[in-house]
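Below is one structure, written out as structure tokens; the observations come after it.
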Number of protein chains: 2
Amino acid sequence: MARTRHRSLDCSPGCAVEATLQLIDGKWKGVILYHLLAEAPEDSLRFNALRRRMPNVTQRMLTNQLRELEADGFLHRTVYAEVPPRVEYRLTALGRSLEPVIRALKAWGDAHAMSAPEADAA
Amino acid sequence: MARTRHRSLDCSPGCAVEATLQLIDGKWKGVILYHLLAEAPEDSLRFNALRRRMPNVTQRMLTNQLRELEADGFLHRTVYAEVPPRVEYRLTALGRSLEPVIRALKAWGDAHAMSAPEADAA
DNA sequence: CGGTATCCGCAGTGATACTG
DNA sequence: CAGTATCACTGCGGATACCG
């Protein structure tokens, strides 16, 4: 289910661009990666810690996106079989390799401070 | 219609990342920008020239994505009222400002040569 | 705490045919 | 050549309720 979403690429030269885009696409992937990179470079974040950083994501979607990122090898999910269940998410090396991409994305967004795309044109 | 797609952002710190992502999302935006950047840094590309570079895009979608990119101020559309209609697409300054992003995307995709995400892990 | 399961609407995308 | 119009499907993503 987590693996259905990759639309078949056409793969002209621009293929790599689209391929990467599709991996970090999904309404929350970018933010998740961002938080994992920003707040815990080599640390882990618990499920609810992630939720706190993304107030508008539903449990379903967070789980979903997390699972997809895991399936794509970007993060590792560790379940601690304790009494109060604890699950931690940590970036893999592959996940951390996305840092330049996320940073570029963030840099651009910051630079062009887009609050209201419709009101811009600047 | 081209303006409905921007999903409302939640805008935690990671906002900028998501915002940028949403602008270049859409199945073909990335590739279009890539080609416009790669093949014509300050040149224009005609509609069919673009199509030739993206064999799998339908006319409808190319037009659609092009229009959204235009609406977002990333490219400029010039119509030459000639006998055989000619329409050229050229990146705006804003569009060109996305170069680092596209390059990061491309670099990552190339580096991790993703043909089969499931078969990698390298 | 950290999920799953289910139902559902709608945007995004495709296919095809027609047009200035 | 460069679109536009129409029809229809698919699956993303939201809401809500329940579970180990």
Side-chain angles (χ1 to χ4, degrees), chain A residues 1-10 18 21-32 44-72 75-90 117-118, chain B residues 1-10 18 21-32 35-36 44-72 75-90:
Chain A
M1 195 167 291
R3 322 266 46 259
T4 325
R5 76 214 142 74
H6 293 160
R7 312 140 169 173
S8 57
L9 298 172
D10 74 326
E18 259 302 313
L21 225 29
Q22 292 187 19
L23 286 173
I24 59 182
D25 183 31
K27 194 166 179 180
W28 309 97
K29 304 274 197 72
V31 210
I32 293 176
S44 339
L45 277 180
R46 299 185 55 168
F47 188 81
N48 279 343
L50 240 13
R51 280 192 83 183
R52 245 170 279 122
R53 285 162 175 76
M54 302 183 288
N56 294 319
V57 71
T58 60
Q59 218 159 17
R60 181 175 124 74
M61 278 316 290
L62 183 53
T63 304
N64 191 343
Q65 304 280 288
L66 245 12
R67 288 287 147 76
E68 291 193 0
L69 288 171
E70 186 191 7
D72 283 332
L75 52 82
H76 187 61
R77 179 167 174 267
T78 315
V79 183
Y80 295 88
E82 303 172 354
V83 185
R86 180 162 52 112
V87 179
E88 301 205 328
Y89 294 91
R90 181 176 46 77
E118 6 275 281
Chain B
M1 196 166 291
R3 322 266 48 256
T4 326
R5 75 214 144 71
H6 294 159
R7 313 139 167 174
S8 56
L9 298 171
D10 74 328
E18 261 302 314
L21 226 28
Q22 293 186 19
L23 287 173
I24 58 181
D25 183 31
K27 193 165 181 182
W28 309 96
K29 305 274 196 74
V31 210
I32 293 176
H35 287 299
L36 246 18
S44 341
L45 278 179
R46 300 184 54 166
F47 188 80
N48 278 342
L50 241 10
R51 279 190 84 184
R52 245 171 279 121
R53 285 161 176 77
M54 301 183 286
N56 294 318
V57 71
T58 60
Q59 219 159 18
R60 183 176 121 73
M61 278 316 290
L62 183 53
T63 304
N64 191 343
Q65 305 279 287
L66 245 12
R67 289 285 146 79
E68 293 193 1
L69 288 171
E70 186 189 7
D72 284 332
L75 52 82
H76 187 59
R77 181 166 173 267
T78 314
V79 183
Y80 296 87
E82 303 173 353
V83 185
R86 180 163 52 113
V87 179
E88 301 203 330
Y89 294 91
R90 181 176 43 78

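Within every chain, numbering begins at 1; the chains are lettered A, B, ... in the order of the sequence lines, protein sequences first and strands thereafter. Model, not experiment: these values are computed from the prediction.
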Rounded to the Å, how far apart are [X] [atom1] and [N] [atom2]?
{"X": "A:Met54", "N": "C:dG2", "atom1": "CE", "atom2": "P", "value": "13 Å"}
{"X": "B:Leu62", "N": "C:dT13", "atom1": "CG", "atom2": "C1'", "value": "14 Å"}
{"X": "A:Asp25", "N": "D:dC12", "atom1": "CG", "atom2": "P", "value": "10 Å"}
{"X": "A:Leu45", "N": "C:dC1", "atom1": "CG", "atom2": "P", "value": "16 Å"}
{"X": "A:Gln22", "N": "C:dG12", "atom1": "CD", "atom2": "P", "value": "15 Å"}
{"X": "B:Asn64", "N": "C:dG12", "atom1": "CG", "atom2": "P", "value": "9 Å"}
{"X": "A:Glu82", "N": "C:dC1", "atom1": "CD", "atom2": "P", "value": "13 Å"}
{"X": "A:Arg52", "N": "C:dG2", "atom1": "CZ", "atom2": "C1'", "value": "13 Å"}

Polar pair under 3.5 Å, donor/acceptor by atom type, side chain A:Arg60, base D:dG14
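Flag set: donor-acceptor pair detected.
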Heavy-atom pair of closest approach, residues A:Gly26 and B:Glu18:
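Minimum heavy-atom contact is O-OE2, 4.0 Å.
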At their closest point, which heavy atom of B:Lys27 faces which heavy atom of B:Gln65, and how far apart are they?
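Here B:Lys27 and B:Gln65 meet closest at N-OE1, 3.6 Å.
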For the side chain of [X], counting heavy atoms from C-beta on, which of [options] is nearest?
{"X": "B:Asn48", "options": "D:dC1, D:dT4, C:dC1", "result": "D:dC1"}
{"X": "A:Trp28", "options": "D:dG3, D:dG14, C:dT4", "result": "D:dG14"}
{"X": "B:Thr58", "options": "C:dG2, C:dA15, C:dT13", "result": "C:dA15"}
{"X": "B:Arg86", "options": "D:dA2, C:dG3, C:dA15", "result": "D:dA2"}
{"X": "A:Gln59", "options": "C:dA15, C:dT4, D:dG3", "result": "C:dT4"}
{"X": "B:Pro85", "options": "C:dG20, C:dC1, D:dA15", "result": "C:dG20"}

Looking at [X], does any N or O in its side chain come under 4.0 Å of the phosphate oxygens OP1/OP2 on [N]?
{"X": "B:Gln65", "N": "C:dT13", "result": "yes"}
{"X": "B:Arg51", "N": "D:dG3", "result": "no"}
{"X": "B:Arg77", "N": "D:dG3", "result": "yes"}

So what does B:Tyr89 touch, heavy atoms closer than 4.0 Å: a base, only the sugar-phosphate, or nothing?
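Sugar-phosphate only.
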Say you draw a straight line from CD1 of A:Ile32 to CG of A:Leu50; how long is it, rounded to the nearest 0.5 Å?
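Interatomic distance, A:Ile32 CD1 to A:Leu50 CG, rounded to 0.5 Å: 6.0 Å.
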Point-to-point distance, once rounded to the nearest 0.5 Å, from CG of B:Leu75 to CG of B:Leu45
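Nearest 0.5 Å value for the CG-CG distance: 10.5 Å.
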Tell me whether A:Glu88 is salt-bridged to A:Arg86, with the criterion being a basic N under 4.0 Å from an acidic carboxylate O.
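Salt bridge between A:Glu88 and A:Arg86, a charged N being under 4.0 Å from a carboxylate O: yes.
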Return the 5'-most residue of the pair A:Pro84, B:Met61 with respect to DNA chain C, ranking by each residue's nearest nucleotide.
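Result: A:Pro84.
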